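Values below: every heavy atom of this structure, side chains too, minus hydrogens, waters and symmetry copies. For clarity, every value in this text was computed on a predicted model and none was experimentally measured.
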Amino acid sequence: MTKAATKKTILLVDDDIDFLIQTEAVLQKDGFQVIRAESQKEAEELLQNIKPDLAILDLMMENFDGGFALAYHVKKSNPGVPVIICSAVTSETGMQFDASTEEERSWIKADLFIPKPIRHEQLLREIHKLLKD
Amino acid sequence: MQKLQTLVVDDEPGMRLGIRKVLSKYTLKLPDVDEEIGFEVDLAESGEEAIEKIGANRPDVLLLDYKLPSMSGLEVLEKVRAEDSEMVIIMITAYASLDTAVSAIKRGAFDFLAKPFEPAELKKTVSKAVQNLILARQVRKLEREKHQVRFQFISVLGHELKSPLNAIEGYLNIMHDRIAGDDLGSYDQMIRRSQVRIQGMRKMIADLLDLTRIESGQKKRELSEQNVFTIAKTALETVQPSADEKGITVNLNAHDPIMMNCDSGEIEIVLNNLLSNGVKYNRENGKVDLVIKKNKNLVTFSATDTGIGMTKEECDRLFGEFVRIKNAKTRNILGSGLGLSIVKKIAAMYSGSVSVTSTPDIGSTFTVTLQSDLPIS
Ligand SMILES: Nc1ncnc2c1ncn2[C@@H]1O[C@H](COP(=O)(O)OP(=O)(O)OP(=O)(O)O)[C@@H](O)[C@H]1O
Ligand SMILES: [Mg+2]
């Protein structure tokens, strides 16, 4: 495992505590340092003091589109930081979107959209791709 | 104005045109329908032509002569009925014998008109038939809506049951793969969370059983005269352990006895839900007061807590199935969102009502008013 100082930091935001615990365990096993937040508000406060290397955000928290707002926030203060939005909206509402076209990328400030339930191997693969390591 | 498609089938041109003249100027107003109803009249001079026109454009109302040149009115009637149960059919007959009328009605005609008839008679018969048609449509619409609500309920239910299963399965997989290495504390937390999710699921299933028992009406209600003070005491005991965990005091403020005709199981469900909410959505060391009063034939239960409260907008949504208020204050409180919808259903069974007043961060009062003198079984 890499030394603590060189560990990359991931900001993980979701109001589902079970998702947080499980994803954190998986990311830690893979050598990441994880900072958790349970709400959009908590995440916004954290972002004043931390500079994560990547952010994984839930879409619907206390606000319907909290994830999008937060993604915008992350990108504004940390332009190069990749953002993944994870959400169950597709399975819950049948709504379909991802960040693969230019047009969508222009208003969704996220690099990737992963529908829940996520598969851990897929999440890790995508993270490494985005971090280019 | 709503226009009903009407087809008049008669081989006598005078009859066809006469009926069209009367009906196309006729409008009627039904008691429970907002719209006026008018008629768009089309004509056919033989059974064959009628079948062709019906195939192309299905009418709502069919006025059908009994005696037609080749294909008879009865044949047309039978053919149409075989494919369509909704269209109202009125037979026109020159032989006003009871026999013809009976055989037509047996085959599915709604009514008959005996030739010759006055415009007033025509209008009266058509108006009766239309009332029947509109009523039947409303019943069908209601049934469809009920079906839709059922369907929605089941799909939300499926989702609500899947989510704890997913969480528990996720924990089991992580533990199985020893993802947290030898960090035992981490596994302990996963086991605890799995237990919490299982508990939540069990509570939801218990709520569902309450709900189906109430809705199906299968189990006979046992209405008898009961002392609700005693029932309330039992409910207080039930909620006591969870109140103790948060240092919450639960008080009962009522006379002993307060008699009412009820099914004690139903009253217990109502009180358990009000008290458990009062405790769950309370602060540490808070208070829940249950007040029961009887005034004439009404018994009022009100539960007041010192908890997180709700905004006006949140109060309006509360009583629906699976509705839970999602915010930072409720995030770690478990529930399926069925409790108050059950309370509302039971209140309706006592010709009663439920209401709520609430102030954020101060507390809420839920009031259930029930009629106490339902006839006993
Ligand atoms: N006393 C209360 N104070 C504040 N909020 C309340 C109170 N009672 C109910 N609520 C709100 O209303 C919602 C619906 O309540 P309800 O009892 O139907 O469901 P629940 O408590 O979430 O689940 P359960 O089916 O287990 O009772 C709750 O999720 C909560 O947000
Ligand atoms: Mg409840």
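- How far CD of A:Gln28 is from CD1 of B:Ile179: 11.0 Å, rounded to the nearest 0.5 Å.
- For the atom pair NZ (A:Lys29) and CG (B:Asp183), the distance works out to 13.5 Å, reported to the nearest 0.5 Å.
- The local environment of CZ in B:Phe153 is crowded, with over 12 non-hydrogen atoms from other residues, nucleotides or ligands closer than 6.0 Å.
- At most 12 heavy atoms of other shown residues, nucleotides or ligands fall within 6.0 angstrom of atom CG in B:Asp182.
- Here the CD-CG distance, from B:Gln189 to A:Asp18, works out to 9.0 Å after rounding to the nearest 0.5 Å.
- For the pair A:Ala25 and B:Met190, the tightest heavy-atom approach, listed with the atom from each and the gap, is CB-CE, 3.9 Å.
- Annotation for B:Lys329: atom NZ counts as buried by contact number, over 12 foreign heavy atoms lying within 6.0 Å.
- Taking a 6.0 Å sphere around NZ of B:Lys246, one finds it holds more than 12 heavy atoms contributed by other residues, nucleotides or ligands.
- Among all heavy-atom pairs drawn from B:Ile174 and A:Val26, the shortest one is CD1-CG2, 4.4 Å.
- In this structure, B:Arg137 places its CZ atom where more than 12 heavy-atom neighbours from other residues, nucleotides or ligands lie under 6.0 Å away.
- Residue B:Arg202 places its CZ atom among 12 or fewer non-hydrogen atoms of other residues, nucleotides or ligands, all under 6.0 Å distant.
- For the set B:Ser186, B:Ser163, B:Ala167, B:Ala180, the entry with the most heavy-atom pairs within less than 4.5 Å of chain A is B:Ala167.
- Residues B:Tyr171 and A:Ile21 approach most closely at OH-CD1, 3.4 Å, considering heavy atoms.
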